[in-house]
Amino acid sequence: MNKKMVTIIAALAMCTAIAGCTENDTASSSKAETTTTTTAAAESAAPVESTADESSADSTSTNAGTTDYDVDGDFRAFEQMKDKYEGNYLANLTGQMSNNGTKYAICIKDGKAYQALTVQGMKSYTVCPGDGKLYNVSEGTTTYSIEDDDGNQWKSADILFGATLDFDHAYIDTTTNVVQEYYNLDSSVSGGEGQIVYGFDGATYDLKQVVLLPEGADESSAVYFTVDSMGEADDSLLAVPDLSAYTKE
C-alpha cells in the first residue's frame, strides 16, 4: 500500500496507512450538508471529560456553570485558538465512539509535520521534516519507508486548521457547558468534503473535542476525538527520525 502523509479525514477518521491498517480502510469523500442528522450527530456526543495534566496549555478546567457565549454574536472561539496556535502546535487526541481509545498526536510547525497513531499499544508515525522526503515508521514491525514530499503534504496533517473553511453555526451543550462551532471543510486539503466541529469549554474556550462529519453523517459515521492536551510544537518530533534500528520496506 502507498504510504504517505494522509489527508485529515483519512488519517484521523479512517485510520489509514501510517497506522498499519488494512487497505480496506478508506476515507469518506462526500460533501457535507448542515442537516438535522448532521447536527444531531455532534450534539449528541458523550460529555467531554478533562484528561490533560497540569502542564497542558489548554484543557485545564472542568465544564461547569453557564457560558456567556452568544451563538449569534461576533466572537468565535476557533478564531481565538487560531490566533494562538495556527502554524505551531502539538495536539494529543484520544478517539471516542467508533475509534475508542486510539491515540493520535499531530505536531505542526514551519511547514513541517508529524503524525502518530497508537492502536492497542502499536505506534506508527509519519514525519515531514521539510527535506523533500516523507518518513513512514512502524514501531510495531520495526520497519520504515521513505517517499518524496511535494512540499505541501504537511497541510493534510493539520487537523485543526489545514482544511477549515467558513463558519456555519454554533450550538451550546448546556449539559456539559461545551460550545460547539461548526465549520465547513476544504475538500482539496481534507480529502473529502464535510464539516469539522470544535467543542470548547464554555468558561475558558479551551479546546475539548473535535468531531469530523462527512456528508449526511449520523452518530454512527461521525468521528469523535477528545483533546488530551494542546501546546506549542515539539521540534524534536519534526526532525528526520533515527532509523538505525529499523528495516527498510
Side-chain angles (χ1 to χ4, degrees), residues 1-23 25-27 29 55 57 81-93 102-119 121-165 185-192 196 210 212 225 227-249:
M1 176 168 44
N2 180 32
K3 293 185 178 182
K4 59 184 178 179
M5 185 70 71
V6 288
T7 60
I8 291 173
I9 290 179
L12 299 183
M14 306 305 280
C15 179
T16 58
I18 64 170
C21 296
T22 68
E23 294 190 31
D25 293 326
T26 56
S29 60
S55 64
M81 179 180 70
K82 185 176 181 179
D83 288 343
K84 186 174 183 179
Y85 287 116
E86 185 179 28
N88 183 345
Y89 72 88
L90 169 60
N92 290 288
L93 314 175
T102 301
K103 296 290 186 179
Y104 302 82
I106 298 101
C107 186
I108 302 291
K109 185 178 180 181
D110 297 334
K112 302 176 183 180
Y114 166 91
Q115 285 181 319
L117 183 61
T118 303
V119 182
M122 301 284 284
K123 179 180 177 181
S124 297
Y125 64 91
T126 296
V127 184
C128 175
D131 66 348
K133 300 294 182 181
L134 295 178
Y135 300 82
N136 307 289
V137 183
S138 172
E139 293 187 353
T141 60
T142 62
T143 58
Y144 73 93
S145 65
I146 302 176
E147 297 183 11
D148 292 333
D149 174 20
D150 64 7
N152 293 306
Q153 298 289 358
W154 66 273
K155 295 179 182 178
S156 298
D158 190 356
I159 175 62
L160 296 183
F161 308 105
T164 304
L165 292 177
L185 287 173
D186 181 350
S187 63
S188 67
V189 176
S190 68
I196 184 169
V210 180
L212 295 176
F225 307 88
V227 178
D228 298 326
S229 65
M230 188 169 173
E232 292 185 351
D234 181 346
D235 290 335
S236 68
L237 298 175
L238 301 169
V240 176
D242 179 4
L243 301 173
S244 59
Y246 294 79
T247 301
K248 188 173 184 180
E249 292 185 324

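Everything quoted here is computed from the prediction, not taken from an experiment.
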Asks: Are Tyr144 and Glu249 close enough that some pair of their side-chain heavy atoms sits under 4.5 Å apart?
Replies: no
Asks: Which distance, rounded to the nearest 0.5 Å, do you find between the CD1 of Ile159 and the CG of Leu212?
Replies: 4.5 Å
Asks: Under the 3.5 angstrom rule, does the side chain of Asn136 hit a backbone N or O of Thr126 as a donor-acceptor pair?
Replies: no
Asks: Restricting to ring-ring contact (aromatic ring centres under 6.0 Å, His included), what partner residues turn up for Tyr135, sequence neighbours left out?
Replies: none
Asks: A side-chain contact here means heavy atoms from C-beta on lying under 4.5 Å apart; do Ile106 and Tyr89 qualify?
Replies: yes
Asks: Listed by chain and number, what are the salt bridge (charged side-chain N to carboxylate O under 4.0 Å, His left out) partners of Lys112, not counting sequence neighbours?
Replies: none
Asks: Got a sec, which residues hit side-chain contact (heavy atoms from CB on, under 4.5 Å) with Thr102, two or more places apart in sequence or on another chain?
Replies: Asn99, Tyr104, Leu117, Val119
Asks: Is the closest side-chain heavy-atom distance between Lys82 and Thr164 below 4.5 Å?
Replies: no
Asks: Mind listing the side-chain donor-acceptor pairs of residues 237-247 below 3.5 Å, one per line with the distance, residues two or more places apart or on another chain?
Replies:
residue : atom : partner : partner atom : Å
Asp242  : OD1  : Ser244  : N            : 3.1
Asp242  : OD1  : Ser244  : OG           : 2.9

Asks: For the atom pair CG (Asn88) and SG (Cys107), what is the distance rounded to the nearest 0.5 Å?
Replies: 8.0 Å
Asks: Which pair of heavy atoms, one from Lys123 and one from Ala116, lies closest together, and at what distance?
Replies: CE-CB, 3.9 Å
Asks: How close do Glu232 and Leu90 get, counting heavy atoms only, and between which atoms?
Replies: O-CB, 3.6 Å
Asks: Taking side chain as C-beta onward, heavy atoms only, is Val127 less than 4.5 Å from Val137?
Replies: no
Asks: Got a second to check how far Thr143's OG1 is from Lys248's NZ, nearest 0.5 Å?
Replies: 12.5 Å
Asks: Just jot down the salt bridge (charged side-chain N to carboxylate O under 4.0 Å, His left out) partners of Asp235, sequence neighbours excluded, or say none.
Replies: Lys109
Asks: Looking at residues at least two apart in the chain, or sitting in another chain, which of them share a side-chain contact (heavy atoms from CB on, under 4.5 Å) with Asp149?
Replies: Cys128, Leu134, Gln153
